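Below you'll find the structure, written out as structure tokens, and then a few comments.
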Amino acid sequence: MGNTLERFSLKGKIAIITGGAQGLGLAMAKALADAGASIILADINQPLAEQSAAAIAAECGVPACAIQTDVTREASANALVQAALARFGRIDVLVNNAGICVHCGAEEMSYGDWFKVIDVNLNGVFVMSKAVGGQMLRQGKGNIINISSMSALIVNTPQGQCAYNASKAGVMHLTKSLAVEWAERGIRVNTIAPGYMKTDMTAQVFEEGGEMVQTWMAMSPTKRPGEPDELGPLAVYLASEASSFVNGSVITVDGGYTAW
Ligand SMILES: NC(=O)c1ccc[n+]([C@@H]2O[C@H](COP(=O)([O-])OP(=O)(O)OC[C@H]3O[C@@H](n4cnc5c(N)ncnc54)[C@H](O)[C@@H]3O)[C@@H](O)[C@H]2O)c1
């Protein structure tokens, strides 16, 4: 008997998930908790994050808490690190998941909307990686998973979302930069690039259906959006020793959308 499944275990690990109050972040937090990790939900929406943390603790039987965090603010990220260390003593896993999207043609997009999307999606990943990665460097070990998007690889259509696409492409290359800089110091950094997934971000669009959703599904070989819990097992893999030689990688979870 080998020990393959044991290498997926996150027992005793401490994991921070940004934007973990709902959607993909919550689904990945649950999966990490299922694998044994203690969970810190770092979301701007503290009341919802507290509810979600309580649900994780009850369902998975691991310590889980919510620490209000704005990923765009360095002081908030540093305060999160201090609070996490005070409670758990170390940080093993960071999932940079918080993100927003604005649909708007490029010629009509305000600088304010452009800046907001870049600030949360790209600057937020840098701010959080610097704060938490700094602690991981002091520990000599750590694991960062950045949630990019297939929009880093292709241009979605028919909707305009140039700021989102550019931000996610930035996340992809920031991932590789951090992976290269920190590989010899015990930190791995990888990206998950999801396709269209059913979450609060996209629920309304899927409910309304219409031409946009029809176009998306026609362009997908699998002809359906992903469910949030279809990301969880990959997050466990990347967070665990099972993926010990995976570094600086981009892994798409998109039902084959970017394959043709
Ligand atoms: N849903 C999809 O189809 C899809 C596809 C590809 C990639 N993604 C990416 O996955 C991630 C999660 O998406 P989702 O669909 O679950 O979104 P969502 O809107 O359901 O959840 C996003 C969470 O991020 C939090 N958040 C927003 N701004 C924040 C900030 N400044 N600081 C901390 N938290 C903040 C929100 O409060 C919310 O809980 C995003 O990065 C998104 O771009 C989503």
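Counting convention: from 1, in listed order, for ligands and their atoms alike. All figures in this text were calculated on a predicted structure; none of them were measured in a lab. Every heavy atom of this structure was used, including side-chain atoms; hydrogens, water molecules and symmetry mates were not.
Scanning all protein heavy atoms for the shortest distance to atom 6 (C) of ligand 1 gives Pro194 O, 3.3 Å. Looking from atom 34 (N) of ligand 1 to the surrounding protein, the closest heavy atom is Ile44 N, 3.3 Å. Considering only non-hydrogen protein atoms, atom 27 (C) of ligand 1 sits nearest to Ile100 CG2, 4.1 Å. Protein heavy atom at the shortest distance from atom 24 (O) of ligand 1 is Gly19 CA, 3.4 Å. Of all protein heavy atoms, the one closest to atom 14 (P) of ligand 1 is Thr199 OG1, 3.6 Å. The nearest protein atom to atom 5 (C) of ligand 1, hydrogens excluded, is given as Gly195 O, 3.0 Å; this is a heavy-atom distance. From the protein, the heavy atom lying nearest to atom 3 (O) of ligand 1 is Met197 N, 2.8 Å. Nearest to atom 16 (O) of ligand 1 among the protein's heavy atoms is Leu24 N, 2.8 Å.
Cluster membership for Leu122 and Met128, using ILVMFWY side-chain heavy atoms within less than 4.5 angstrom, is shared.
You'll find the side chain of Asn156 stays beyond 4.5 Å of the side chain of Tyr164, heavy atoms only. At least one side-chain heavy atom of Asn96 sits under 4.5 Å from a side-chain heavy atom of Ile144. Proximity of Ser244 to Arg7: side-chain heavy atoms (C-beta onward) are separated by under 4.5 Å at one or more points. Side-chain contact between Met172 and Leu153 is present, with at least one heavy-atom pair separated by less than 4.5 Å. Between Asn121 and Lys168 there is a side-chain heavy-atom pair separated by less than 4.5 Å. Annotation: side chain of Thr18 is not in contact with side chain of Leu80 (no heavy-atom distance under 4.5 Å).
Of the options Tyr164, Trp216, Tyr196, the smallest heavy-atom separation from atom 7 (C) of ligand 1 is shown by Tyr164. Of the listed residues (Arg73, Lys198, Gln22), the one carrying the non-hydrogen atom nearest atom 19 (O) of ligand 1 is Gln22. Distances from atom 36 (C) of ligand 1 to the heavy atoms of Asn45, Asp43, Val205, Val95 show the closest one on Asp43.
Although no hydrogens or angles enter the test, the distance criterion places a donor-acceptor pair under 3.5 Å between the side chain of Gln68 and the main chain of Ile44.
Within the 4.0 Å heavy-atom cutoff, Thr18 does not count among the residues contacting ligand 1. Distances from ligand 1 to the non-hydrogen atoms of Lys168 include at least one value under 4.0 Å.
Considering OG1 of Thr175 and CZ of Arg188, their distance stands at 13.0 Å, rounded to 0.5 Å.
Using a 4.0 Å cut-off between charged nitrogen and carboxylate oxygen, Lys141 and Glu241 count as a salt-bridge pair.
The N/O atoms of Asn121, backbone and side chain alike, include none that comes under 3.5 Å of an N/O atom in ligand 1. The distance criterion of under 3.5 Å between nitrogen or oxygen atoms is met by Val71 with respect to ligand 1. For ligand 1, the polar-atom distance check against Ala42 finds no nitrogen or oxygen pair separated by under 3.5 Å. Taking any N or O of Ser149, backbone or side chain, none lies under 3.5 Å from an N or O belonging to ligand 1. Polar contact check, Gly25 against ligand 1: no nitrogen or oxygen pair lies under 3.5 Å apart.
Against a heavy-atom cut-off of under 4.0 Å, Asn97 is close to the following atoms of ligand 1: 10 (O), 11 (C), 12 (C), 40 (C), 41 (O). The contact set between ligand 1 and Asp70, taken as ligand atoms under 4.0 Å from a residue heavy atom, comprises 30 (C), 31 (N), 32 (N). Of all atoms in ligand 1, listed by their number and element, those nearer than 4.0 Å to a heavy atom of Thr69 are 32 (N), 33 (C).
Between Tyr196 and Trp216, the angle of the ring planes stays under 30°, which puts this pair in the parallel group of the 30/60° scheme.
Under the salt bridge (Lys or Arg N to Asp or Glu O under 4.0 Å) criterion, Asp92 pairs with Arg90, not counting sequence neighbours.
Residue Ala193 does not touch ligand 1, judged by heavy-atom distances below 4.0 Å.
For CD of Glu107, the number of neighbouring non-hydrogen atoms (other residues, nucleotides, ligands) closer than 6.0 Å is greater than 12.
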